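This report refers to the structure that appears directly beneath it.
Computed from a predicted model, the values in this text were never measured in an experiment. Letters A, B, ... mirror the listed sequences (proteins, then strands); counts begin at 1.
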There are 2 protein chains.
Amino acid sequence: MVTALELIDVEGVEALSLRRLAQALDRSAMALYRHAENKGDLLDGVVELLLEQVVLDADAPAWQDELRRVAHRFRGLALEHPNAVPLLLARSLSTPLGLRPLGMLRPLEAFLQLANRAGLDDAAAVAACRSFFGLLHGHVLDELQGVVAYPEERDDLLRLGLHRLPLGEFPRMRSLASAMSAYDGAAQLDRLLEALLVSLAADLPPSG
Amino acid sequence: MVTALELIDVEGVEALSLRRLAQALDRSAMALYRHAENKGDLLDGVVELLLEQVVLDADAPAWQDELRRVAHRFRGLALEHPNAVPLLLARSLSTPLGLRPLGMLRPLEAFLQLANRAGLDDAAAVAACRSFFGLLHGHVLDELQGVVAYPEERDDLLRLGLHRLPLGEFPRMRSLASAMSAYDGAAQLDRLLEALLVSLAADLPPSG
DNA sequence: ACCTGAACACCGTTCAAGT
DNA sequence: ACCTGAACACCGTTCAAGT
């Protein structure tokens, strides 16, 4: 599983095949069917391996801090393993909740627990859960769009490959190249989180 | 291109192969290399086909309304073509901006234009752009997680397949099944949009 | 009982051979 | 000049044949 992740990190998701993986492990390709029933199972395993590294502590003393911590941890993981992000985000699409591997559900359960403890009722907890992960996934997706075409270039326009764009049709994009490369992902995530936390606080009973 | 999308809709992204597509078109598999250089080009073509259906009008009189309209249009498209969503969101990952097909950049350019017209300066426009699409993509990703395992079931728990989960480890999730199925995606998107629009308004010079 | 090689039905892509 | 069939180097998966 960890070798599978390494393969993905180095060569991309597309390069991960049962045969290549078996070769990297000095085993026969069919021996993998002992550990995973499918290639799908294997991909799920990679996702679970990643999510294990971002445990949400439902008993954390300050729940807002815990959410901030988890969000940044997830972002860090995505930046460390950009090639695995499509897997991380898309694997659960079109797989109904109850049929997903448990490792993919644990973060959700922990979030719900934390939200309950923080004082949110059931409906609010579910809404908060979806907002939180939606925000997180959206941000990661967004930040990873900022990939650089030619890292060695010093000019922002060239580095993003934007010089190739037809001048007439994309005036804004060209002129905003530098603003685009100045993007600070961590700060943006913080901003989004603050907004979410404010709106969550509004859902709490007045006591808290 | 439209037959490619149909194939994806019916059988999923995985089922789209050059050979299957050629067969569906009553052509030889290699004839496709006239229209697309790669399989990748073909997938980009599908994404562009979808994005063409969600044009952002940079000259819209009320920019907030235009953003709301576009967001809901995009959501609608995602719900119509759930199988294509992974493509829609992941295709541009790790492809630098300037190297992306133009159809994938047009919405960005239009947004930047709209933001400028609304009075945002360059840096604010870029930030708003990322927030907007991040929010949108995140929400769509999130809403599509609500796929149903057994649509014919009447009980929420069973319909999501949640009865399979180990009782001890996932108490919250089981008890929140009904709250989960009551989720209203359009309303949630509206809530997120309102929050964004408020924060954008705060960035505007006081005149507006 | 465990493992594995060959085999099957697919891929994307190339290229020489047809018209 | 255009198209296409066979061919190449891969897939995921099955299964009978080995130990």
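For the segment residues 2-17 of chain A, the set of residues with a heavy atom within less than 4.0 Å of an atom of DNA chain D comprises A:L16, A:S17, in numerical order.
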Starting from the C-alpha separation in whole Å, work towards a yes-or-no answer on salt bridge (Lys or Arg N to Asp or Glu O under 4.0 Å) for A:E52 and A:R106.
CA-CA 9 Å; A:E52 273 169 22; A:R106 256 175 224 123; 6.0 Å; no
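Other residues, nucleotides and ligands place more than 12 heavy atoms under 6.0 Å from the CZ atom of B:R117. For B:E152, the CD atom counts as densely surrounded, since its 6.0 Å shell holds more than 12 non-hydrogen atoms of other residues, nucleotides or ligands. Within 6.0 Å of atom CZ in B:R73, more than 12 heavy atoms from other residues, nucleotides or ligands are found, so the atom counts as buried in its surroundings.
Side chains of B:Q188 and B:R191: a donor on one and an acceptor on the other come within 3.5 Å.
Counting non-hydrogen atoms under 4.0 angstrom, B:R27 reaches nothing in the nucleic acid.
Per the geometry, NE2 belonging to A:H35 stands 13 Å off C1' belonging to C:dC2, to the nearest Å. One atom, CG of A:L21, and another, P of D:dG12, lie 10 Å apart when rounded to the nearest Å. In this structure, B:D26 places its CG atom 15 Å from C1' of D:dT4, rounding to the nearest Å.
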Taking only Watson-Crick and G-U wobble pairs with both distances under 3.5 Å, what dot-bracket line describes DNA chain D, where [ ] shows pairs that cross earlier ones and | shows pairs with another strand?
||.|||||...|||||.||
Atom pairs under 3.5 Å: protein N/O with N/O of nucleotides 13-19 of chain C:
residue	atom	partner	partner atom	Å
C:dT13	OP2	B:Y33	OH	3.0
C:dT13	OP2	B:K39	N	3.1
C:dT13	O5'	B:Y33	OH	3.1

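Here the shortest heavy-atom pairing between A:E66 and A:V55 reads OE2-O, 4.1 Å. Considering every non-hydrogen atom in both B:P107 and B:F133, the closest pair reads O-CZ, 3.9 Å.
Under the rule for a side chain to side chain donor-acceptor pair (under 3.5 Å), A:R19 has no partner lying at least two apart in sequence or in another chain. For the salt bridge (Lys or Arg N to Asp or Glu O under 4.0 Å) test, no residue two or more places apart in sequence or in another chain qualifies with B:R172. For the ring-ring contact (aromatic ring centres under 6.0 Å, His included) test, residues two or more places apart in sequence or in another chain that qualify with A:H137 are A:F74.
In this structure, B:R130 does not pair ionically with A:E143, as no charged nitrogen and carboxylate oxygen lie closer than 4.0 Å.
The phosphate of D:dC3 (OP1 or OP2) has a side-chain N or O of B:R34 nearer than 4.0 angstrom.
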